[in-house]
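Both ligands and their constituent atoms are indexed starting at 1 by order of listing.
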Amino acid sequence: MSNNSQLSGEVFSPSDEIVSQTAVKDWDALREFAENDLEGFWANEASQLHWFQKWDKVLDDSNKPFYKWFTGGKVNISYNCLDLHAQTARRNKLALLWEGEKGEFRSFSYFALKREVCKFANVLKSLGVQKGDRVTIYMGRIPELPMAMLACARIGAIHSVVYGGFTVEALHERLEDSQSKVLIVADGSYQRGKIVPLKAIADEALQRAATVQSVLVVKRTGEPVNMEFGRDMWLHELMSLPIASTTCSMEIMDAEDPLFILYTSGTTGKPKAILHTHGGYMVGTYSTLKYVFDVKEEDRYWCAADPGWITGHSYIVYGPLLNGLTSFMYEGAPNYPYPNRWWQMIEKWGINILYTAPTAIRGLMRFGENWPNRHDLSSLRLLGSVGEPINPEAWKWYHRVIGKGNCPIMDTWWQTETGMFMITPFPVSPLKPGSGTKPFPGVKMDILNEDGKPVKPDEEGFLVVQSPWPAMMRTIYNDPERYINQYWSRYPGCYLTGDSARKDKDDYYWIIGRVDDVIKVSGYRLGTAEIESALVSHHFVSEAAAIGLPHEVKGNAIHAYVILKSGVEYTDRLLDELRAHVAHELGPIAKPDYIEIVDSLPKTRSGKIMRRVLKAKALGQDPGNLSTLEE
Ligand code: WTA
């Protein structure tokens with residue numbers, strides 16, 4: 001272990017108790033092992049899981065940047081998540097524990113979850129779903145969501161989960177791009193006591209999308225929905241038929257076969273379908289969760305993200321189940337009906353690990369310490385943070401008020417594309433509030449300047465990854481060119497993250513933020529292009545530009561600049577209508593906080609909107625180099 005007294009700045013050291021409880025104490029040794037023998041390190045991790053046939057090669061880098069992992073290996077991630085545990089003493093252990101917003105709860109042992117997933121998989125088969133077919137899943141945070149994912153994985157179908165907070169156009173675009181055969185949708189979801197009519201939103205999206213043959217509807221709210229004859233079917237009805245047998249043979253997958261696609265925003269244009277595979281993704285999520293949260297057999301683990309985003313895929317569903325953990329999932333809003341909801345559930349369920357986002361911490365911090373102090377939070381052992389830089393003030397509040405000074409905070413940096421934690425502390429690491437410390441063993445990263453040279457300590461630059469890792473995205477589905485251009489072209493041999501960062505004298509990484517057109521709103525990743533096209537799809541709008549400006553709770557707030565079509569009269573109601581239109585097309589999270597009607601937008605001579613000029617102006621800063629500005 002490092003000698004803390006030599007570290008600069010404010011350092012929080014783990015207590016003796018944490019150190020004595022933690023399985024792996026010598027991170028430097030593990031890093032050294034992985035550095036000297038990358039393939040050996042990952043082979044050792046992979047061999048802790050079940051393979052129908054062992055791999056021939058750990059890493060195949062003969063066609064960079066299309067890296068392959070565990071080639072020749074035969075596997076199915078769903079087998080390792082369920083069947084493996086259902087055969088052991090974990091059979092009756094809780095795999096999933098769920099609380100609804102209204103306070104009801106459901107729980108599934110490994111045995112029960114496997115049974116439900118088999119039934120679900122047989123239902124999908126009866127709808128003609130085959131290996132390689134795409135299935136879109138659109139629900140709130142309910143147990144059927146992980147079940148649907150695992151059922152797809154079991155039969156080799158590729159799932160594409162669309163976040164339940166997205167709306168019509170976002171769903172349509174993803175259905176269309178993935179050419180999904182089946183849509184699994186809930187009738188609705190609960191959000192702060194209100195019902196979000198997911199099926200009605202899906203109906204509108206389906207009018208625009210042609211490939212979906214069947215729609216499976218999950219009953220959650222029981223509100224009346226439109227059921228189109230011959231297309232729409234209730235899941236619970238099919239699950240009660242003999243076709244939904246409790247046994248379902250496992251599709252034997254190649255390690256490199258696709259497991260899922262997940263759409264995410266990037267630089268310009270449409271969201272991209274990030275593709276992950278059965279083998280490498282499985283090994284990466286299993287191993288990172290095991291080490292970073294030092295998981296123990298008796299742990300109750302809670303990742304408070306949404307399964308519709310990568311954090312939920314990797315660390316609510318796959319990672320925890322691969323580790324045989326009890327994963328807790330909560331349906332609703334953190335402050336519903338009162339700001340103590342989370343703390344009440346931690347006490348009630350005896351949660352040991354809480355993994356959440358800075359925006360949630362900042363949001364709950366606003367309500368003061370009395371809310372958490374009313375509850376016994378002593379079951380907590382470790383805390384986690386993800387999604388955006390955590391400001392030291394929120395870090396310290398989380399550490400002191402929630403963790404009572406005893407729970408180290410795992411500030412994990414990673415992305416949809418990386419699939420797994422990339423920069424992360426371990427429970428025994430000396431921590432600096434706001435820094436994720438150092439890369440995970442075997443992950444080689446650096447910060448480069450414009451010329452591709454490593455920056456000096458404390459200088460800002462582009463964050464890159466310089467070695468392959470098993471859970472890395474394999475490509476952009478249907479767009480390998482864009483995969484190369486967007487991620488692997490800026491610096492030869494390096495994966496470009498899109499973030500800027502700096503390293504301090506102790507080699508600790510500090511993430512500054514996105515350098516591209518991605519805005520992180522409450523930890524959710526949105527593209528300026530998506531917001532702009534939602535605005536422009538309104539019949540009064542001719543052009544639009546969106547930027548993110550700092551916001552105390554959300555991290556970023558969306559500010560939009562709109563040019564109206566000629567002849568359209570400006571009214572205050574119009575602004576509300578435009579905001580509502582974005583919420584309808586894309587989702588409430590994408591609703592601009594502020595819209596300004598303008599006559600022109602700053603553009604380059606080639607017609608690209610110069611968002612940095614808008615941003616500088618809004619912040620009262622110097623806009624910098626304007627030589628490419630058209631006028
Ligand atoms: C940001 C989320 C600072 C970063 C898992 C990254 C973070 C983007 C952190 C990916 C962190 C994620 N500290 N920034 N601990 N974690 N980010 O794809 O800008 O939704 O590029 O994946 O979130 O967002 P995504």
Side-chain angles (χ1 to χ4, degrees), residues 161-163 165-166 260-267 271-276 281 284-285 288-289 292 303-319 355-362 383-392 394-395 398 409-425 429 431-440 445 447 460 462-465 471-473 476 486-487 495-503 508-527 530 548 554-556 589-590:
V161 180
V162 177
Y163 169 55
F166 277 138
F260 66 83
I261 50 178
L262 185 60
Y263 286 84
T264 193
S265 311
T267 308
K272 340 164 250 188
I274 306 299
L275 184 123
H276 284 289
Y281 175 81
T285 52
T288 44
L289 184 65
V292 173
C303 167
D306 193 287
W309 298 85
I310 192 68
T311 310
H313 278 55
S314 298
Y315 299 111
I316 295 179
V317 184
Y318 290 115
Y355 182 39
T356 184
T359 184
I361 299 302
R362 290 192 298 260
L383 301 173
S385 176
V386 60
E388 52 178 327
I390 181 162
N391 42 314
W395 193 102
Y398 194 24
I409 299 174
M410 303 297 102
D411 180 359
T412 60
W413 178 93
W414 58 295
Q415 306 178 298
T416 309
E417 292 88 340
T418 71
M420 64 177 219
F421 306 150
M422 299 294 277
I423 299 174
T424 175
S429 306
L431 302 173
K432 302 187 191 186
S435 166
T437 74
K438 297 179 185 182
F440 189 81
M445 297 185 70
I447 299 168
E460 185 178 340
F462 300 101
L463 183 68
V464 298
V465 189
M472 64 199 298
M473 71 185 287
I476 296 177
Q486 186 144 349
Y487 298 105
Y495 165 84
L496 190 69
T497 65
D499 279 15
S500 70
R502 61 183 177 84
K503 248 191 293 186
Y508 273 44
Y509 284 72
W510 299 78
I511 306 295
I512 295 162
R514 300 288 307 188
V515 281
D516 54 10
D517 296 330
V518 170
I519 310 180
K520 280 253 155 174
V521 182
S522 300
Y524 295 135
R525 184 164 160 182
L526 296 168
E530 291 161 85
K554 297 196 278 189
N556 285 288
I589 43 158

Stepwise side-chain contact (heavy atoms from CB on, under 4.5 Å) test for Met445 and Leu463: CA-CA 7 Å; Met445 297 185 70; Leu463 183 68; 3.8 Å; yes

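- For the residue pair Trp395/Asp411, the side-chain donor-acceptor check at 3.5 Å is not satisfied.
- What sits closest to atom 13 (N) of ligand 1 on the protein, heavy atoms only, is Glu388 O, 3.3 Å.
- Each of the atoms 6 (C), 19 (O), 21 (O) of ligand 1 lies under 4.0 Å from some heavy atom of Arg514.
- A distance below 6.0 Å separates the ring centres of Trp309 and Phe166.
- Remark: ligand 1 atoms within the under-4.0 Å shell around heavy atoms of Val386 are 5 (C), 16 (N).
- Polar contact check, Lys520 against ligand 1: a nitrogen or oxygen pair lies under 3.5 Å apart.
- Once rounded to the nearest 0.5 Å, the distance linking NZ of Lys438 with OH of Tyr509 reads 9.5 Å.
- Residues Thr416 and Tyr263 bring no donor and acceptor atom of their side chains to less than 3.5 Å of each other.
- When every heavy atom of Pro358 is checked against every heavy atom of Glu388, the shortest pair comes out as CG-O, 3.4 Å.
- A distance-only check finds a donor-acceptor pair linking the side chain of Thr412 to the backbone of Ser385 [under 3.5 Å].
- Between Gly387 and ligand 1 there is a heavy-atom distance shorter than 4.0 Å.
- When non-hydrogen atoms are compared, ligand 1 lies under 4.0 Å from the side chain of Arg525 (C-beta onward) but not from its backbone.
- Scanning Leu262, Thr412, Ile511 for the heavy atom closest to atom 11 (C) of ligand 1 points to Thr412.
- Look at Trp309 and you'll find every heavy atom at least 4.0 Å from all atoms of ligand 1.
- Protein heavy atom in closest approach to atom 6 (C) of ligand 1: Asp499 OD2, 3.4 Å.
- For Thr311 and Tyr355, the side-chain atoms include no donor-acceptor pair closer than 3.5 Å.
- Every atom of ligand 1 is numbered from 1 in the order shown, and the set under 4.0 Å from a heavy atom of Thr311 is 5 (C).
- If you number the atoms of ligand 1 from 1 as listed, the ones under 4.0 Å from a heavy atom of Pro389 come out as 3 (C), 13 (N), 14 (N).
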